[in-house]
Amino acid sequence: MENLMTSKVLIALAAATATILPAPVQAGEGQQNMDQVVRQMRETAEKMRGQLPADQIAQMLRDADELERETKAGSFNAPAAPATRSAGVIAHMEQSHGAIFEWLMRTSTCAGYQWENWRRWNISTGQYIAERNEGCKKAFASYEQYFRAQVSGNGEIAKRHLAEYDRAAHQVVDAYPEN
């Protein structure tokens, strides 16, 4: 029971310090910041005297001592891993369209189209009506295939359809820009 209580206190302490520490510390850099964590752990142990059993306070102080030894040994000085840029169609669309995959229906080029109605909807105003209808239908047909594949758990197939939707959507918007 005592070890369980100590673990709970340490987890709570770790969570609390993780939220207040700057990002480089969370990435493993900054001996000064780790020294601050050790000081905070010791201060917390002192504040908890009288509220927790003496052996739990002693364990908290031993944990602070161990963290201090690890800090002095350089365990937290490893450089942070470089940020990796996500590859793939989903990352591209998130960057290009703010994670709004169905961005085409928000354009005037394909106004009124959605993946649910692309079979029966037709644009009836504006220029290049037939060409726009053809391009919009092609794009939304791909989006519907993406959606159905995603719901069915076919992630790789869904990504291919999403890439086709994005390509077709850009093709129609580039060919027939918004008025």
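In terms of heavy atoms, V172 sits closest to G135 at CG2-CA, 3.8 Å. Residues A139 and A169 share a closest heavy-atom pair of CB-N, 3.8 Å. Smallest separation of non-hydrogen atoms from L52 and Q56: CD2-OE1, 3.3 Å. Taking both residues in full, the closest heavy atoms of T125 and R132 are given as O-NH1, 3.4 Å, listed atom of the first, atom of the second, then distance. When all heavy atoms of A64 and V38 are compared, the closest pair comes out as O-CG1, 3.7 Å.
With hydrogens and angles ignored, the 3.5 Å screen pairs a side-chain donor or acceptor of N133 with a backbone N or O of I129. For W121 (side chain) and A111 (main-chain N/O), a donor-acceptor pair under 3.5 Å exists by modelled atom type. Although no hydrogens or angles enter the test, the distance criterion places no donor-acceptor pair under 3.5 Å between the side chain of Y176 and the main chain of Q127. For S142 (side chain) and H161 (main-chain N/O), no donor-acceptor pair under 3.5 Å exists by modelled atom type. K47 contributes no side-chain N or O that, together with a main-chain N or O of R42, makes up a donor-acceptor pair within less than 3.5 Å. No donor-acceptor pair closer than 3.5 Å links the side chain of N117 to the backbone N or O of N122.
Considering CZ of R119 and CZ of F140, their distance stands at 13.5 Å, rounded to 0.5 Å. Here CD of Q114 is found 12.0 Å from CD of E144. Values are rounded to the nearest 0.5 Å. How far CD of E164 is from NZ of K138: 5.5 Å, rounded to the nearest 0.5 Å. Atom NZ of residue K159 and atom OH of residue Y146 lie 10.0 Å apart, to the nearest 0.5 angstrom. In this structure, CE on M60 lies 11.5 Å from CD on E43, to the nearest 0.5 angstrom.
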Output, in order, the C-alpha distance, side-chain angles, deciding distance and verdict of side chain to side chain contact (heavy atoms under 4.5 Å, CB included) for L104 and Y143. CA-CA 10 Å; L104 182 58; Y143 191 87; over 6 Å; no
Checking K137 against E134 for the salt bridge (charged side-chain N to carboxylate O under 4.0 Å, His left out) test, could you report, in this order, the C-alpha distance in whole Å, the side-chain angles of both residues, the deciding distance, and whether it holds? CA-CA 5 Å; K137 285 181 184 295; E134 183 180 330; over 6 Å; no
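Salt bridge present: E46 and R49 bring a charged side-chain N and a carboxylate O closer than 4.0 Å. Salt bridge absent: E66 and R69 never bring a charged side-chain N and a carboxylate O closer than 4.0 Å.
Ring geometry for W103 versus H170: interplanar angle of 30 to 60°, hence tilted.
Side-chain contact of Q59 with D63: a donor-acceptor pair under 3.5 Å is present, judged by distance alone.
F147 and I157 fall into different hydrophobic clusters, defined by Ile, Leu, Val, Met, Phe, Trp and Tyr side-chain heavy atoms under 4.5 Å apart, directly or through other members.
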